[in-house]
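These numbers come from a predicted model, not from an experiment.
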Amino acid sequence: MKSIHKWLLLAFTAAVTVSAAIFMVFTPASPNLVSKDSPLRESARTAPEFTRDPVQAVDRETLLAELSDWDMEAGEWGERVTGVKNRHDTEEKVIALTFDACGGPLGNGIDEELISFLQENKIPATLFVNFRWIDEHEERFIDLADDPLFTIENHGTAHLPLSVQGNSAWGINGTSSPEEAVDEILVNQEHIAALTGNTPAFFRSGTAHYDEKAVEIVQMAGLEAVNFDILGDAGATYSAGQVEAALLESRPGSIALLHMNQPSSGTAEGVKRAVPALREAGFTFVHVGDYPLTE
């Protein structure tokens, strides 16, 4: 399906410069993103209507009107900022495995070995999926969304750090205004809903960086910002042994950040090694949101 979103984002992605960050695979923000005629903004205006259940529908223009009189001076920046949830608030021995699909020139693959392992072993997982990855793998994305083992969540439209004032992370310029932050959230939110009939409840930004004002916008859009307390594969740069060791550091309620868009990485093998040991230790695997979340 060639949606209007695809054609609108082509102009944007053509202007994006490739950055090979060692932490994750990203593409930097286009300087045209801040323009009044940004493709992200136009995509948000023309995105299809949908019903959010159980997430409350949020109208873009209404949301921007609510933000118009805000003080946009942000004081925090990073992965651990006010309002971002990093783990489940429970003493039960549960772990949520989350896998980002970032997309872009350096990270647009599918780790089918990893997906097959999860399915064969009936391991629930939460997939944070970016617009550009969906656009490249639409049929496969719909297959994954139809599998009850997986829940689909929002990993942003252009995979940018989420900011109201242009903060950057790993050499990538973040959204530089409330309008851009809204579009980074809502364009992909509406795209996922249109394709699957289900609306994400959780958001993770590109690079997992935010300022606290942007986190408030996520919440006003009806989502929770979710990061992690276990860095599972460091942007798919860890060896299998490092992935295994990281996952074995999990504690009750942990949320692990891994990637499913880098089939040549050590992620799949590391997960395959860690899962039996975690199960033997009494852990079970859950989706993000199966328990209350905490910072």
Side-chain angles (χ1 to χ4, degrees), residues 1-14 16 18-21 24-27 39-40 43-44 47-48 50 97-120 123-160 172 183-208 232-233 235-237 257-269 271 287-288:
M1 183 181 73
K2 301 295 184 183
S3 69
I4 191 168
H5 299 88
K6 180 171 183 176
W7 299 109
L8 290 168
L9 285 192
L10 281 175
F12 171 76
T13 52
V16 174
V18 176
S19 173
M24 291 182 182
V25 180
F26 306 115
T27 54
L40 285 180
S43 293
F50 66 94
L97 299 181
T98 72
F99 297 92
D100 288 1
C102 307
L106 301 179
N108 215 23
I110 306 174
D111 196 335
E112 295 289 5
E113 179 185 357
L114 172 66
I115 297 298
S116 294
F117 174 78
L118 298 173
Q119 290 174 323
E120 290 166 7
I123 301 166
T126 302
L127 312 181
F128 282 88
V129 188
N130 181 259
F131 184 107
R132 58 192 183 180
W133 191 92
I134 297 171
D135 207 38
E136 183 70 20
H137 304 287
E138 188 173 293
E139 290 186 9
R140 189 69 176 108
F141 167 72
I142 292 171
D143 288 342
L144 295 173
D146 286 341
D147 189 329
L149 274 176
F150 305 130
T151 56
I152 303 297
E153 304 300 345
N154 186 345
H155 196 32
T157 303
H159 201 257
L160 303 176
I172 311 304
D183 292 343
E184 178 67 12
I185 299 162
L186 287 187
V187 173
N188 195 44
Q189 182 82 346
E190 296 175 355
H191 193 48
I192 291 171
L195 289 174
T196 68
N198 296 313
T199 307
F202 304 107
F203 178 87
R204 178 180 287 153
S205 69
T207 76
D233 65 4
T237 65
L257 169 62
L258 302 125
H259 289 76
M260 56 172 279
N261 62 311
Q262 293 283 354
S264 62
S265 74
T267 300
E269 182 60 30
V271 170
H287 295 124
V288 168

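Separating the CG atom in L258 from the CG atom in L97 is a distance of 6.5 Å, to the nearest 0.5 Å. We find the CD1-CD1 distance between I152 and I192 to be 7.0 Å, quoted to the nearest 0.5 Å. The CD atom of E139 lies 7.5 Å from the CG atom of D143; values are rounded to the nearest 0.5 Å. Between I110 atom CD1 and L144 atom CG the span is 7.5 Å, to the nearest 0.5 Å. Between the NE2 atom in H155 and the CG atom in L127 there is a gap of 11.5 Å [rounded to 0.5 Å]. Note that the NE2 atom of H259 and the CG atom of D233 stand 5.5 Å from one another [nearest 0.5 Å].
A pairwise comparison of heavy atoms in S265 and A236 identifies CB-O, 3.4 Å as the closest pair. T199 approaches Q189 most closely through the heavy-atom pair CG2-NE2, 3.2 Å. In plain terms, the two heavy atoms of R132 and N108 that are nearest each other are O-OD1, 4.0 Å.
In this structure the side chain of F202 reaches within 4.5 angstrom of the side chain of F128, judged on heavy atoms. You'll find the side chain of E138 reaches within 4.5 Å of the side chain of I142, heavy atoms only. Residues F99 and L118 meet the side-chain proximity criterion, which asks for heavy atoms closer than 4.5 Å. At least one side-chain heavy atom of F141 sits under 4.5 Å from a side-chain heavy atom of T196.
Remark: side-chain polar atoms of N261 are paired, donor with acceptor, to backbone N or O of G107 under 3.5 angstrom.
In this view, D147 and Q119, L149, F150 satisfy the side chain to side chain contact (heavy atoms under 4.5 Å, CB included) rule, not counting sequence neighbours. Partners of T151 under the side chain to side chain contact (heavy atoms under 4.5 Å, CB included) rule, at least two apart in sequence or in another chain, are T126, E153, H287. The side-chain hydrogen bond (donor to acceptor under 3.5 Å, both in side chains) check on E269 picks up R273, with sequence neighbours excluded. Listed by chain and residue number, N154 satisfy the side-chain hydrogen bond (donor to acceptor under 3.5 Å, both in side chains) test with N188 (two or more places apart in sequence, or in another chain). Taking H137 as the reference, W133 meet the ring pair (Phe, Tyr, Trp, His ring centres under 6.0 Å) condition, with sequence neighbours excluded.
Counting only residues at least two apart or on different chains, the salt bridge (Lys or Arg N to Asp or Glu O under 4.0 Å) pairs with a member in residues 104-120 are E112-R140, E113-K272.
Counted by atom type alone, T98 and R204 present one or more donor-acceptor pairs between their side chains at under 3.5 Å. For the 3.5 Å distance criterion, the side chains of N130 and H159 fail to qualify, holding no donor opposite an acceptor.
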Worked check of side-chain contact (heavy atoms from CB on, under 4.5 Å) between H191 and L195: CA-CA 6 Å; H191 193 48; L195 289 174; 3.7 Å; yes
